[in-house]
Amino acid sequence: MIISVRQGLRGEVEVGTKVRVRGWVRTRRDSKAGLSFIHVSDGSCFDPIQVVAPSTLANYEAEIAKLTSGCSIEAEGTLVASQGKGQAFEIQADAVEVVGTVDDPERYPIQPKAHSLEFLREVAHLRPRTNTFGAVARVRHTMAQAIHRYFHERGFVWVTTPIITASDCEGAGQMFRVSTLDLANLPRTPDGKVDFSQDFFGKEAFLTVSGQLAVEGYCLALSKVYTFGPTFRAENSNTTRHLAEFWMIEPEIAFADLAADADLAEDFLKYVIGAVLTERPDDMKFFADRIEKTAISRLEKVAAERFERIEYAEAIRLLQASGKKFEFPVAWGADLQTEHERYLTEEKIGRPVVVMNYPAEIKAFYMRLNDDEKTVAAMDVLTPGMGEIIGGSQREERLDVLEQRLAAHKLDPEAYSFYLDLRRYGTVPHAGFGLGFERLVAYVTGVGNIRDAIPYPRTPGHAAF
RNA sequence: UCCAGCGUCGCCUAACGGUAAGGCAACCGGCUGUUAACCGGUCUGAUGGAGGUUCGAUCCCUCCCGCUGGAGCCA
């Protein structure tokens, strides 16, 4: 029977069974006892399985003894209890078929040795064969599954909001244009502007920067909804936590206020982190051993401890009372800088913090104005090490106030007519938040750079693979 | 986009301005039920690109390209 490496190593297959594994060679060690030990990985779990190939096999000299890292093979044999140390089970091979060889072993980038993450980014198509990126891929998958499961089990409906949007009013950043016009020969209107009426959608179109505004319509019908999909920002950001193309999760709940939103964010994060700890202990152990010492302990802490909740005003007071010298001055009305967030989560409080009720001027138009008329019902979840991982708010559900807020932000109400409709017809208090999936993956795995938390990262100047 | 640093064999790193060194990998051999093994040997490069200073530049200067980190923007 064909088995995965995972099945073989976990004892899911009875000893003595004839099995067949298929995968890629990690290492080969030869023994004078007339054996070769081949570590084979198929990605189904962290560890490779050991295939013991006796030199009596017909193709031993010609093929098996020449296997190098990266070769693909199919091995057939008996699953046995291992005589050696380091693994419980191994495969005593009857046949090892070489499926694909490595043309030039010296040039094969994934050698059985330590590689820098920077180098591996240059071979993004081969890096999933490494311990690190195999583990990241499995953890990422586990997290995606946990996210859908979390929402599904609580009655949320997954809403796939459009990737292409004809409104540039999503208000979250620079957008990528989507067009079928011939850039070398653009149609013009009489006054010389580009005539987008001739474009594919009959108007300007872009890649979405957020599904939030669109999903609110579904929230005000299905009560509990979420988006989980790709998002695009054309910002020239070159940092360890920005991508031009990333995946975002945006739950939106009706009949809910900011406190409920914060509760959801906390419960949600704890669930996803808990799922990774229980479902991927092998990968997490690797991260803790090789990538980031506190990978597991840090997550256990986050899963166990209650998130601190503080008012924005209180955060300002804490920063002012810290006695620290910050590069950016701390004063009510200013946004929290990275250094401020760091101080709060890493030094002062030492665990995740939810900062709530920010000054209205520094936040988006759709966030609900508080009774003090100076702050809005916004919240950021800050984590030690990653900074802002979630940003959310209670939405402004009052038509008149929303119209005032649009005006204050100098936005055209015409462009938001659908959004205003939701306040005209059966409006209810509602709230939601946005979570950058890759930021969470980076946080959970401990990889320092978000470019290592997604299979093929897109950043300014980089769209290879 | 701004600031800082870096760019030397497939990979990682070394080299007071004076003929480019080592480790890993690869290859060959030895040893071993091995396990990112161990031991020995072999091979590999004119130092990101273009100028300049100098008798002479990996090392100094200028510009360009690329990368990394920090910041801004944000998820």
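Heavy atoms only: backbone and side chains are in, while hydrogens, waters and symmetry mates are out. Predicted, not measured: the structure shown is a model, and the values here were computed from it. Note on naming: letters A, B, ... go to the chains in the order of the sequence lines (proteins, then strands), and numbering restarts at 1 for each one.
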Just checking A:His242: base, sugar-phosphate only, or nothing, at a heavy-atom cut-off of under 4.0 Å?
base
What nucleotide among B:rU32, B:rA75, B:rC27 has an atom nearest to a side-chain atom of A:Pro105?
B:rC27
Using purine N1 to pyrimidine N3 plus N6-O4 or O6-N4 for Watson-Crick, or N1-O2 and O6-N3 for G-U wobble, both under 3.5 Å, which nucleotide pairs with B:rU53?
none
Return the minimal non-hydrogen interatomic distance between A:Leu258 and A:Asn357, and the atom names on each side.
CD2-OD1, 3.7 Å
Is the Lys NZ or Arg CZ of A:Lys363 less than 6.0 Å from the centre of A:Tyr358's six-membered ring, within 45° of the axis?
yes
Starting at the 5' end of nucleotides 64-69 of chain B, put B wherever the base has a protein heavy atom under 4.0 Å, S where only the sugar-phosphate does, and a dash everywhere else.
---SSS
Is it the case that A:Tyr366 and A:Gln212 place a side-chain donor and acceptor less than 3.5 Å from each other?
yes
Residue matched to B:rA71 through Watson-Crick or wobble contacts both under 3.5 angstrom:
B:rU1
Under 4.0 Å between any heavy atoms, over every strand shown, what does A:Glu245 touch: base, sugar-phosphate, or nothing? Just pick one.
nothing
Using every non-hydrogen atom in the two residues, find where A:Met248 and A:Val209 come nearest and quote the distance to one decimal.
CE-O, 3.7 Å
Quick one: label A:Glu327 by what it contacts on the DNA or RNA (base, sugar-phosphate, nothing), any heavy atom closer than 4.0 Å.
nothing
On a plain distance test, is the side chain of A:Arg290 in donor-acceptor contact with the base of B:rA36 below 3.5 Å?
yes
B:rC16 pairs with, by Watson-Crick or G-U criteria that keep both distances under 3.5 Å:
none
By the Watson-Crick or G-U definition, both distances under 3.5 Å, B:rA46 is matched with none
Between the base of B:rG10 and the side chain of A:Gln111, is one N or O donor paired with an acceptor at under 3.5 angstrom?
no
Say you pick atom C1' in B:rA71 and the same atom in B:rU19; how far apart are they, in whole Å?
45 Å
What contact category does A:Glu90 fall into here, base, sugar-phosphate, or nothing, at under 4.0 angstrom with non-hydrogen atoms?
base
Please state whether the phosphate of B:rC31, meaning OP1 or OP2, lies under 4.0 angstrom from any side-chain nitrogen or oxygen of A:Lys32.
yes
Presence of A:Ser31 side-chain N/O under 4.0 Å of B:rG33 phosphate oxygens OP1/OP2:
yes
Specify the closest pair of heavy atoms between A:Ile310 and A:Ala315, including all atoms of both residues, with the distance to one decimal.
CD1-CB, 3.7 Å
Taking any heavy-atom pair under 4.0 Å as a contact, classify A:Pro109: base, sugar-phosphate, or nothing.
nothing
Checking base pairs now: Watson-Crick or wobble, both atom distances under 3.5 Å. What partners B:rG7?
B:rC65
Is there ring stacking between A:Phe246 and B:rA75, where the centres must be under 5.5 angstrom apart and the planes under 30 degrees?
yes
Assess whether one donor atom and one acceptor atom, taken from the side chain of A:Arg241 and the base of B:rA75, lie less than 3.5 Å apart.
no
Looking at B:rC74, does its base get a donor-acceptor pair with the side chain of A:Ser237 below 3.5 Å?
no
Whether the side chain of A:Arg439 and the base of B:rC74 hold a donor-acceptor pair under 3.5 Å is what I'd like checked.
yes
Using a 4.0 Å heavy-atom cut-off across all strands, classify A:Ser69 as base, sugar-phosphate, or nothing.
nothing
Using whole Å, report how far CD1 of A:Ile110 lies from P of B:rA26.
13 Å
Please work out if A:Gln87 contacts a base, only the sugar-phosphate, or nothing of the nucleic acid, heavy-atom cut-off 4.0 Å.
base
Counting only side-chain N and O atoms of A:Gln337, is one of them less than 4.0 Å from OP1 or OP2 of B:rG72?
yes
Apply side-chain hydrogen bond (donor to acceptor under 3.5 Å, both in side chains) to residues A:Glu216 and A:Tyr419 and explain how you reach the verdict.
CA-CA 8 Å; A:Glu216 282 187 43; A:Tyr419 197 64; 2.5 Å; yes
Taking the six-membered ring for Trp, are the ring centroids of A:His148 and A:Phe228 within less than 6.0 Å of each other?
yes
Between C1' on B:rG72 and CZ on A:Phe326, what's the gap in Å once rounded to a whole number?
18 Å
For B:rA21, measure the glycosidic angle (O4'-C1'-N9-C4 for a purine, O4'-C1'-N1-C2 for a pyrimidine) and name it syn if it falls within 90° of 0, otherwise anti.
anti
Between A:Asp267 and A:Tyr150, does the side-chain hydrogen bond (donor to acceptor under 3.5 Å, both in side chains) criterion hold? Intermediate values first, please.
CA-CA 10 Å; A:Asp267 191 50; A:Tyr150 175 85; 2.7 Å; yes
Pair assignment for B:rC31, Watson-Crick or G-U wobble, requiring both distances under 3.5 Å
none
Test for a donor-acceptor pair under 3.5 Å between the base of B:rG72 and the side chain of A:Glu235, counting only N and O atoms.
no
Pairing donors with acceptors under 3.5 angstrom, does anything connect the side chains of A:Gln87 and A:Ser82?
yes
Base, sugar-phosphate alone, or nothing: which one does A:Ile389 contact when heavy atoms must sit under 4.0 Å apart?
sugar-phosphate
